[in-house]
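Any value given below was found using the heavy atoms of this structure, including those in side chains, with hydrogens, waters and symmetry copies removed.
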Amino acid sequence: MNYLAQAAAVRAFDAMADAYDDVFTFTPIGRAQREQVWRFADQLFLPGMNILELNCGTGEDALHFGQRGVHVTAIDASSRMIARARLRASGLNLPIQFSCLSSELLTALRPRVFDGIFSNFSGLNCVRDLYQVARSLKFLLASGSSALLCLSTRFCLWESAWYGVRAQFGKATRRWSGRSVVRVCDSDVEVLYPTIHELRNVFEPWFRICGVSGIGIFVPPTYLSGRLQHGGRVLENLAEIDRIVCRLPLFRVIGDHMLLRLERTNA
């Protein structure tokens with residue numbers, strides 16, 4: 001484990017915790033992308049199930065699942081994010097437990113076994129050793145159960161086009177090598193962009209990839225379009241197009257994120 005890299009990421013997410021909901025969670029674009037993820041998640045994670053959420057941030061997904069009667073153990077390496085999540089959940093009496101724990105230290109949860117595992121919006125892109133995470137998850141998920149993981153893609157059409165036409169070619173191509181360093185709240189955070197093929201190699205033989213869907217294909221990343229942040233009919237139309245094309249082979253890997261459903265094998 002690279003502790004310096006992990007510490008930098010934790011500092012960055014601690015620093016952005018108080019503003020995160022305003023700049024992403026509560027924005028129309030952020031909501032449109034998240035609702036697309038929920039369409040898939042709500043089919044897998046049913047009331048009464050016990051699931052583990054990695055990189056839970058300020059708790060928006062945990063609150064959604066908890067309100068549906070799903071029991072959630074939600075973890076994040078950022079203590080400020082966890083504090084914010086607990087504040088948002090206070091007084092709601094939902095079946096959610098928030099804990100400050102990084103994805104690299106999942107062995108601390110053993111011998112618990114969950115009915116499902118969930119990670120949203122690129123938290124796993126900040127993990128340097130996904131093989132270690134996959135190996136830990138194999139002990140935490142019941143055979144035949146699903147993990148739903150949302151990661152940033154290697155190529156984002158919106159991002160490359162937006163910065164390309166502005167001749168900001170470094171930003172337009174920053175994902176293409178599979179690794180970039182992003183400045184977040186005065187900290188340099190290393191972000192990795194694995195392909196589907198690379199993820200399959202990481203998670204086999206303990207998991208098999210059962211499906212991949214694009215998230216944020218025509219709906220842009222939140223940091224790109226000020227006008228669409230106000231929502232309206234244009235954003236609704238873009239979200240509808242995303243719902244139609246998200247599972248098609250090309251479109252599922254050119255959006256801002258890709259959503260993978262993995263099934264725990266008997267291996």
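Side chains of Thr153 and Arg175: a donor on one and an acceptor on the other come within 3.5 Å. There is a side-chain donor-acceptor pair under 3.5 Å between Asn55 and Ser103. Of the N and O atoms on the side chains of Ser177 and Tyr193, not one donor lies less than 3.5 Å from an acceptor on the other residue. Ser145 and Asp115 share no donor-acceptor pair across their side chains, judged by distance under 3.5 Å alone. Inspection of the Thr25 and Arg31 side chains reveals no N or O donor paired with an N or O acceptor under 3.5 Å.
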Mind running ring-ring contact (aromatic ring centres under 6.0 Å, His included) on Phe13 and Tyr20 for me, showing each step along the way? CA-CA 9 Å; Phe13 290 114; Tyr20 182 79; 8.0 Å; no
Show your reasoning for whether side chain to side chain contact (heavy atoms under 4.5 Å, CB included) applies to Arg88 and Asp21. CA-CA 11 Å; Arg88 295 185 62 198; Asp21 288 330; 3.7 Å; yes
Verdict with supporting geometry, Thr73 and Arg112, side chain to side chain donor-acceptor pair (under 3.5 Å): CA-CA 11 Å; Thr73 298; Arg112 297 185 63 183; 3.2 Å; yes
The test is side chain to side chain contact (heavy atoms under 4.5 Å, CB included); show your working for Asp76 and Phe98 and say whether it passes. CA-CA 8 Å; Asp76 198 286; Phe98 291 107; over 6 Å; no
How far apart are the C-alpha atoms of Arg252 and Met258, what are their side-chain angles, what is the distance that settles it, and do they pass the side chain to side chain contact (heavy atoms under 4.5 Å, CB included) test? CA-CA 6 Å; Arg252 64 187 185 177; Met258 56 183 175; over 6 Å; no
Show your reasoning for whether side chain to side chain contact (heavy atoms under 4.5 Å, CB included) applies to Glu104 and Asp129. CA-CA 8 Å; Glu104 292 88 346; Asp129 189 353; over 6 Å; no
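For the atom pair CG of Leu63 and CG of Leu92, the computed distance is 6.5 Å after rounding to the nearest 0.5 Å. Summarising the geometry, atom OG1 belonging to Thr173 is positioned 12.0 Å from atom NZ belonging to Lys171; distances are rounded to the nearest 0.5 Å. Rounded to the nearest 0.5 Å, atoms CD (Gln67) and CG (Leu94) are 5.5 Å apart. Within the model, atoms CZ of Arg84 and CE of Met16 stand 12.5 Å from one another, a figure rounded to the nearest 0.5 Å. Between the CD1 atom in Ile96 and the SG atom in Cys56 there is a gap of 9.5 Å [rounded to 0.5 Å]. The CG atom of Leu137 sits 9.5 Å away from the CZ atom of Arg264 when rounded to the nearest 0.5 Å.
Annotation: side chain of Leu149 is in contact with side chain of Phe203 (closest heavy-atom distance under 4.5 Å). The shortest distance between side-chain heavy atoms of Leu124 and Leu130 falls below 4.5 Å. Side-chain contact between Val212 and Leu259: absent, with no pair of heavy atoms (C-beta onward) separated by less than 4.5 Å. Annotation: side chain of Asn125 is not in contact with side chain of Leu192 (no heavy-atom distance under 4.5 Å). Looking only at side-chain heavy atoms (C-beta outward), Ile117 and Ile51 stay at 4.5 Å or farther from each other. A 4.5 Å side-chain heavy-atom check between Cys156 and Pro221 finds at least one atom pair inside the cut-off. Within the 4.5 Å cutoff, no side-chain heavy atoms of Ser122 are placed close to those of Leu151. For the pair Ile196 and Val253, the minimum side-chain heavy-atom distance is below 4.5 Å.
The nearest pair of heavy atoms linking Leu106 to Ile75 is CD2-CD1, 3.5 Å. Shortest non-hydrogen contact noted between Ile217 and Cys246 is CD1-CA, 3.7 Å. When all heavy atoms of Leu141 and Ala147 are compared, the pair lying nearest together is CD2-N, 4.1 Å. Nearest heavy atom pair, residue Asp242 against residue Val219, reads OD2-N, 3.4 Å. Across every non-hydrogen atom of Ala77 and Ser102, the tightest pair is CB-CB, 3.7 Å. In terms of heavy atoms, Ala267 sits closest to Pro205 at CB-O, 3.4 Å.
Criterion: ILVMFWY side-chain heavy atoms under 4.5 Å apart, direct or through other members. Under it, Val165 and Phe218 are not part of a common hydrophobic cluster. The cluster map of Ile, Leu, Val, Met, Phe, Trp and Tyr, joined by side-chain heavy atoms under 4.5 Å apart, puts Val113 and Phe207 in different clusters. Under the 4.5 Å side-chain heavy-atom criterion for Ile, Leu, Val, Met, Phe, Trp and Tyr, Ile244 and Leu235 are members of the same hydrophobic cluster. Note on Phe114: it clusters hydrophobically with Leu105, by side-chain heavy-atom contacts below 4.5 Å among ILVMFWY residues. Note on Val127 and Ile209: same hydrophobic cluster, where clusters join Ile, Leu, Val, Met, Phe, Trp and Tyr whose side-chain heavy atoms are under 4.5 Å apart, directly or indirectly.
Ser99 places no side-chain N or O within donor-acceptor distance of the main-chain N or O of Leu101, the cut-off being under 3.5 Å. Ser146 contributes no side-chain N or O that, together with a main-chain N or O of Gly116, makes up a donor-acceptor pair within less than 3.5 Å. The closest donor-acceptor contact from the side chain of Asp14 to the backbone of Arg80 lies under 3.5 Å. In this structure, the side chain of Glu198 engages the main chain of Thr195 through a donor-acceptor pair within 3.5 Å.
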In a table with atom names and distances, give each donor-acceptor pair under 3.5 Å that connects a side chain of residues 32-49 to protein atoms at least two apart or in another chain.
residue : atom : partner : partner atom : Å
Gln33   : OE1  : His257  : ND1          : 3.2
Gln33   : NE2  : Pro220  : O            : 3.2
Arg34   : NH1  : Asp61   : OD1          : 3.1
Arg34   : NH1  : Asp61   : OD2          : 2.7
Gln36   : OE1  : Arg39   : NH1          : 3.2
Trp38   : NE1  : Asp61   : OD1          : 2.8
Asp42   : OD1  : His64   : NE2          : 2.9
Asp42   : OD1  : Arg68   : NH1          : 3.4
Asp42   : OD2  : His64   : NE2          : 3.1
Gln43   : NE2  : Arg39   : O            : 3.0

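Aromatic pair Tyr131/Trp206: centroids less than 6.0 angstrom apart. Ring centroids of Phe24 and Phe121 are separated by less than 6.0 Å, placing the two rings close together.
A cation-pi arrangement is not found for Arg174 relative to Trp176, the charged atom failing to lie both closer than 6.0 Å to the ring centre and inside a 45° cone about the ring normal. In this structure, Arg110 satisfies the cation-pi test against Phe139, with its NZ or CZ atom closer than 6.0 Å to the six-membered ring centre and inside 45 degrees of the ring normal.
A salt bridge links Glu190 with Arg179: the closest approach of a Lys/Arg side-chain nitrogen to an acidic carboxylate oxygen falls below 4.0 angstrom. Look at Arg11 and Asp186 and you find no salt bridge, because none of the NZ, NE, NH1 or NH2 atoms lies under 4.0 Å from a carboxylate O.
Counting heavy-atom neighbours within 6.0 Å of Arg135 CZ, excluding the residue itself, gives a total of 12 or less.
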